[in-house]
Amino acid sequence: MGAIPVEHGLILAGILFSLGLIGVLTRRNIVFVLMSLEVMLNACGLAFIVAGSRWEQADGQIMFVLILTLAAAEVAVGLGLIIQMYRRFQTVDINVLSELKG
Amino acid sequence: MLDLIWLLPTFPLLGFLILALAEGKLAKGPAGWIGAGSIGLSFVVAALVAVSFLQSGLESHTVPIWMWMSVAGFDPGINLYLDGLSLVMILVITGVGFLIHVYSTGYMADDPDFSRFFCYMNLFVFAMLLLVLGDNLLLLYLGWEGVGLCSYLLIGFWYDDPYNGYAARKAFVVTRVGDTAMAIGLFLLFAQLGTLNIQDMLHAAEAEWAVGSALPAITALLLLGGAVGKSAQLPLQTWLPDAMAGPTPISALIHAATMVTAGVYLIARTHTLFELAPNVQLLVAWVGLITLLMAGFTAMTQNDIKRILAYSTVSQIGYMFLGLGVGAWSGAIFHLMTHAFFKALLFLGAGAVILSLHHEQDIFRMGAKRKQLPVGFLCFLIGGLALTAFPYTSGYFSKDEILIAALEVEGQGLWLWLGGVIGAFFTGIYTFRLFFVVFFGESRGHHDAKEVKGLNIALPLFILMALSLFGGWIPVPLDAVFSHGAEHEEHHISAFMHGVMIALPLFGIAISYLFYGSGILSAEKLMSLPGSRALHRFWNSGWGMDRLYDFLFVNPFLYLARVNAKDIIDAFYDMLAALSRAGHLLIVRTQTGYLRWYVLSMAAGLVALISVGVLL
Amino acid sequence: MMLLFYLAAFVAVIATVCVIVQTNIVHALIYLILSLLAVAVIFYTLGAPLAAMLEAIVYAGAIMVLFLFVIMMLNLGQNTREQERAWLAGRGWILPALLAAVLLAQLLYVLSGVEGMSAPEQVGVMAVGARLFGPYVLAVELASILLLAGLISAYHLARKPGAEDE
Amino acid sequence: MILTLLIALLFIGGLLAWFSERINPALPRWIALAVLAIELLLMLSLLSATPENGWLAAYNHAWLPRFGISLQFAADGFSLLLLLLTAFLGIVAVGSAWSEITERAGFFYFNLLWTLAGVVGIFTALDLFLFFFFWEVMLIPMYFIIAIWGHENKFYAAKKFFIFTQVSGLIMLVSIVVLAWFHYLQFGFFSFAYQDLLNVGMNRSMEMWVMLGFFIGFATKLPSVPFHNWLPDAHSQAPSAGSIILAGVLLKTGAYGLVRFAVPLFPNAAAEFAPFAMTLAAISILYCAKVAFAQSDIKRLIAYTSVSHMGFVTLGVYAWNELALQGAVMTMLAHGLSSAALFMLAGALQHRIHTRNMHEMGGFWGRVPRMSAVALFFSIAALGMPGLGNFIGEFLALLGAFQANQVLTIISAFGLIFASVYSLWVIQKIFHGKYSDSAFDGSRLLDLDNREMAFYAAMMAGLVWMGVYPQSFLDLSAPTLQALLESQAGAAAVGALQP
Amino acid sequence: MTPLDYAGYTMSAGDLIPLLPLLAVTATSIWVMMAIGVKRNYPFVLGSTVAGLLLAALLAKRLLTGPAPEAAPLLTMDAYAQFFTVLICAAAVGVSLLSHNYWTEFDDQREEFFLLLSLATLGAVVLAGANHFASLLLGLETLSMSLYGMLAYPAHSKRKANSRALESAVKYLILSAVSTAMILFGAALIYAETGSLAFAGLGGLPAGPGVEYSVVALLLVSAGVAFKLSLFPFHIWTPDVYDGAPAPATAYLATIGKIAVFIVLLRVVVETRSLGIAPVVIVFSLLALLSIIAGNLLALLQDNIKRILAYSSIAHMGYLLIAIIAAFYAEGPISIEAVSFYLFAYVVMTLGAFGVVSLLSSDALERDCISDYQGLFWRRPWLAAAFTGMLLSLAGIPLTAGFIGKFYLVLAGVESGLWLLLAALVVGSGIGLYYYLRIVYRMLLPEPEGAPQLRQGTAGFSIVLVLFVLLVLFGVYPASLMSLIESIAL
């Protein structure tokens, strides 16, 4: 097995992180936003795996497992909120949630 | 007996307190008795004191009453100091004051604020006595300000008319300018000499300061500032004519006989200082001279009986200043005394005339009143003669002494003398202009004038007439006070000079007669000469001094006050508040409520953070 | 192995880009799954087989199915494409994209400076398990609590309004 | 012990006054009066105390040992003078509020007493933390007094008052902490005690900054230009009892702070700063006298005159010699009485005719001679008439200041002229001229009754006493001031030796 | 190094003793959940929650003075952690009792709120002891996850306010997830560099010039933390979330949600004091400065009390950051004490302020407009006095704990010579006074005509009064608390 430079793994994670951020920033559909968040969290997991692999430790993978848990819970709650929102506004447009301001 | 001086101010003070605490609820009878009586008692004490002082050999005498304060070597006491100078002053104050009080019980009889009037008058006498009896400059200053206050109160006595209030405030503020200079003088004296006790201070000054050096000059100048303010000399003379807004007895007591001469008293009291600063002393003379001439011109153009007398007062005090300036200390004080007699007489006489003519003050609406108002006529005749220094009247002796002394000044003596003599010539003109216009010629109004009856009015007038005529013979015990000053030997001046001094006032009277008594010459014709109207207006307005001061000081102050009524500094704080508000309005717009914008702000924040972190 | 890594990385990036620009939500989801699977491959190449499996099973499988359920439930199908397109049409994306690009540039700049190689050795299931139930045992317990909290929240929020469960 | 009693009594009395309202609406004012009377008596009893280490009474108890903060109270003659003034004006304020404050009287007297408690604390606290504590404590009840019982623009005024004093107070807090921190660095333990902090040495620039912090705190309360702007608003909007306490007592806390802390703690910096402070004083005197003259709101006018008069205090303090300091102290006392009386009068007028606009007044002398005479008295007191307390204060301050800085003293002395301008203007505007009640209900313009007169008479007597026999006051403060001067001289000498 | 190095890790019963409070909170959660499962009984659930959390607080209080435990791999339940456990649990009890009144008219299931509340408390307690990124993550997310539920809790009923609660939760969820991702990414970078996930391992980060990598890694974490603390420019969610959420949830978020993160932050700072990466400190200073100014400015003209408090919390976090920055510089414990004390005071006053709002509000009617409070002083004097006390404490006026807290901050700032930040503190306090006083003034105005009846709630009212007493007690005599804090300083 060839060793892969750490920076490449991290750079990939960075790219995915940024892409996820772009998704969160640009999408109006809240489901897309949630999906982009998943991308970001996944990028973090990737970064941990890369780092763990550098040190040959299990900790990176453990962190990934924890992130996975977190992502699952986050999605569950997020989707629950989306359902409520859809019931109330009949739309997934995130901009309807702008009653609170100022 | 001398230890009883403390009674002198006590009686007026008691009178004041009783009248003040009674809050005007006292009937006029008792109020008059208290008001005039307290001064009478003071006069009795003064007379007794005078007798025992003269018997005790003219030794100065200090009566400590209590320690006022004592801070870090500054320990002025409430101590009364009696010497020849203060003796003359207390006699004048209580004597003339008493007469005027008595007169006032008649003059003010119809005034609803009768009791308030006497209340202020008593307070005035109290303050004036403190002024002249104080053994230190701080106590003198107390009296000094006190008389100023009473002057203010009495000028504005008839408060309904805003003009009176204006005149009162003007009087107070203008004199306060001088007072402030004097206060600064006190600071300087204390800082340099470590005491404000007058005698100690003078001794110290003599010991420490060289003649002609800067410090005595500065202190003397500052004291002179106070003196010109109080005594209505150039450049602070503008308040006195307006001060005539008060009741006439006030004009007699405060603005002729006593308070306005306080400046003369102050300079005489601190004459050692002035002797240490010969230039300043000479300046005093010139101030007096110029003032007396300017006031003389103005007096000739006035139509208001009281204003003429007021300008004449300014002019006469100018003589006293001239006297002080040329070292005729006793002469100045002597003139102060005689002036008190005849000017009080003139004012009280004027008061009687005014009262008879239903508060008419314009002399050109009088005329030919000698039959209807014989007492007034007599007053003005005697008073006028004394004022113009008609030989052997009181004014003659005192003015003579001053002018002779002026002549002896080296260098500028002749000019000073000449100016004084010319001033005397003017005195003759304006005094008798008044006299002839009021009492001779045709009656130009108030044909029903009737002499005011009442002993309390007439008696003081007669006493004052006597004093005006014979006051010149009263010896003043001043030699001990000024003994260490410039010694005056017997005066030797030429008969010609003397003749001129006697003749010029008479000449003035004659001119006055030609214009106003006989009608041979006409003032109207004189007025038709080119430029004379403008000149008349100029003199009439007191050489435009009021306008000048309005332009230089009053208007800028009013302007500044008006434009900055809101306090510009507040604008700074308002601006801070507005800035915060603007900041809020600006920044609150970032709270759009849109989630994507919020994420954007976070991302931007992150980028900014990293940029800052990496760049640093 | 290296080749696999770069290939998977390429797929992951492309798939992710597709996720964020897709207008069809179901397609986007598919791309996301693709991306996740590619990442799973990367995990494998980095010597983390357990993570790779979990990524495929839990992430690409379970979680994405959850998404799918919701999409179906809300009936966000083809008919929303036009709307999505309209939402993406504005200029609104320029600034965010620019910002993310700057962030990416910063990350690239910084990360390219890291030196070190990922170990070729595998950290296998055994090792992870031992560690997880060793010093990280508390984390496991806490993760369960975290899931419980998510569960309760989701349960409470997803119910129909006013629905009574008794 | 007596000092803690003084403070506790006010706090408890305040609470009692508040709760007693439920029993009887008239009770709070009686309680307030009784409490203040007891205070006054207790303070008077201190007059006969024999000083120990220069203190007539002292109390010390640990409070926050972590930072060496203790409940250290002590009073010397200087404090006692101000305490007496506080209690006296407290009584006057109660008298002024007697019939004016009818709504929520219980809470009003609660606030009044708590404000005074804060003031008493300030005048007796010797621990700087404690001092600051009380410094802020008095703000809140004062805020309530203005905000609840104030006039038309009360929120603005109350807010401005609070923010000005609070911000400047915070700056001072920072300075106090820096001082304590330097003490910690030099001596290895924390202390906020006055005597300990006197020994702290600092380098030149740090000393200057810290001193400035104190100065800003005190100059705002004093107030001095350019920190004075809260005062006119607070005064014009506060009820008269509030104005009395503000002008009579609260401003004095700033002056007290200058004398007790700002200069002695930083002898070198204060000496260096003195010309600037004196310049500010001169500007305050002249500028505010000028602004005062332009006001048509009588309470605003008096407020500006207060700033002007307090300028003499600053001048005296920074001249830092016994004469000037005594002058400053006398000015504090005399101004306390005269301004309180003037505010009380203004309040009385407003209570009667519901306006403070002088342009709507005029010719009141004939209608209300008593009030007019009283107003005249206090106006001339304010313009510095010899024989009354204000003159002694201002004259001594100027006399002393002259030895320190002649130019600024001369400039300041012109304030005497300006003072006469505005004082007489007020009298002219309100009491002279033609009477007209077109702008208000003339039937309500009643003269002062005997109860009111009693208060004014007491204040008049006080001013006359100060004017003719100030020695009784000077003697009381002299030991304190002399000790301060000596320690200052010593510290300056030490400072001069240091490079 | 073999992967099985830690396989021999064992945990004895003794190791569990420091975890007792944590276990008590967990047990409470489970107990409450089971109780709900068996039978919905609102009073019972409330009582159980309160009792359980109180027990946890008492246990922690007990452990506070005990011997220092050995550091466990994920949690350090030392005196510092125990102190804050007490604070967190006590605050949670307070919120529970305050929310009682709020939910009385709620037309849906009310019990889960308390379950979520105890779960959130569990997360917060974990944070108090966290010494490792894993526990940080878990604690943070347990807290957040429960908070999502709490924020959106009334999203069911058909009332108008509920869409606001929903909005608040959605906003918080999305933004919080982004911030979590930032923290995680940063942590991953740190891990990649140091090979350790414990905070202590941060020392392995390269320091010195040219350390962009460390800086970026730390800043990513900082940005995430700054979000949780709502520091400028990551503050923007705060007012909306506070505003839309039900008042008790806001109270919880504003107090426990904030301080739990701060506790970790302080621990991290203390662990990395020697790190001395200047850019990070400077960035923190900048964040503090901007937060103070922006927070205060934002609150200036607000009419909504919850928003005012939200904005003011931004400023307060800025104030607190001063002490954190001071901790970077100074050797002594003062800055740590300052943070501890201020956090304590902050909990008391914020809880009190939101407590008053909760007490007067219900899920049907949020009384969060400033005009709702007009005349409160004359209608409910004690409540208004307490509210005034809280506001004045927030403004840092003496007689209140907030003043002592501010004093501590100043002391910490002076110790480290942070003049600029102290200046910001002064300016910020000045601006802050304005809006605090506005509320106070409104309460002082005469009550409006025909104002609706105010709600009563004995339990919540007593909590507010207890908080008021604490506020004044520790404002006047804080010595005991000071010495306690001194003893727990890290």
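All values reported here derive from a predicted model rather than from experimental measurement. Naming: A, B, ... by sequence-line order, numbering from 1 per chain.
The greatest number of non-hydrogen atom pairs below 4.5 Å with chain E, out of D:Trp209, D:Phe164, D:Phe132, is found for D:Phe132. Interface check for chain D: of the options E:Val410, E:Leu437, E:Leu444, E:Thr388, the most heavy-atom pairs under 4.5 Å are formed by E:Leu437. Most heavy-atom pairs under 4.5 Å with chain D: of the set E:Phe407, E:Tyr434, E:Phe403, this distinction falls to E:Phe407. Ranked by non-hydrogen atom pairs under 4.5 Å with chain E, the options D:Ile176, D:Val167, D:Ile163 are led by D:Ile163. If you tally non-hydrogen atom pairs under 4.5 Å between each of E:Pro478, E:Ser483, E:Gly417 and chain D, the highest count goes to E:Pro478.
For chain E, the nearby part of D:Phe107 is the side chain; its heavy atoms alone come within less than 4.5 Å. Using a 4.5 Å cut-off between heavy atoms, E:Ser480 does not touch chain D at all. E:Leu392 touches chain D through its side chain: at least one heavy atom from C-beta onward sits under 4.5 Å away, while N, CA, C and O do not. For a residue to count as touching a neighbouring chain, one of its non-hydrogen atoms must lie under 4.5 Å from one of that chain's; by this rule E:Ala423 does not touch chain D. Heavy atoms of D:Leu185 lying under 4.5 Å from chain E are absent altogether. Heavy atoms closer than 4.5 Å to chain E are found in the side chain of D:Met206, but not in its backbone. Residue D:Tyr143 touches chain E through its side chain alone, counting heavy-atom pairs closer than 4.5 Å. D:Ile69 touches chain E through its side chain: at least one heavy atom from C-beta onward sits under 4.5 Å away, while N, CA, C and O do not. Heavy atoms of E:Leu411 lying under 4.5 Å from chain D belong to its backbone as well as its side chain. With a 4.5 Å cut-off on non-hydrogen atoms, D:Tyr156 does not touch chain E at all. In this structure, the portion of D:Trp181 lying under 4.5 Å from any heavy atom of chain E is its side chain and not its backbone.
Taking the six-membered ring for Trp and the full ring otherwise, D:Trp63 and D:Phe129 have centroids separated by under 6.0 Å. With ring centers used as reference points, D:Phe261 lies under 6.0 Å from D:Tyr194. For E:Tyr408 and D:Phe67, the ring centers are positioned less than 6.0 Å apart.
If you take CG on E:Leu309 and CG on E:Leu394, they are separated by 6.5 Å, rounding to the nearest 0.5 Å. Atom CG in D:Leu126 sits 9.0 Å away from atom OG in D:Ser70 (nearest 0.5 Å). The line from SG of E:Cys369 to CD of E:Gln374 is 10.5 Å long, rounded to the nearest 0.5 Å.
Ion pairing between a basic and an acidic side chain is recognised when a charged N comes within 4.0 Å of a carboxylate O; E:Asp368 and E:Arg307 show no such pairing.
Between the side chain of D:Tyr256 and the backbone N or O of D:Phe123 there is at least one donor-acceptor pair closer than 3.5 Å. No donor-acceptor distance shorter than 3.5 angstrom exists from the side chain of D:Asp127 to the backbone of D:Gln72, with no hydrogens or angles considered.
Here the side chains of D:Asn111 and D:Trp18 are not in contact, with every heavy-atom distance at 4.5 Å or above.
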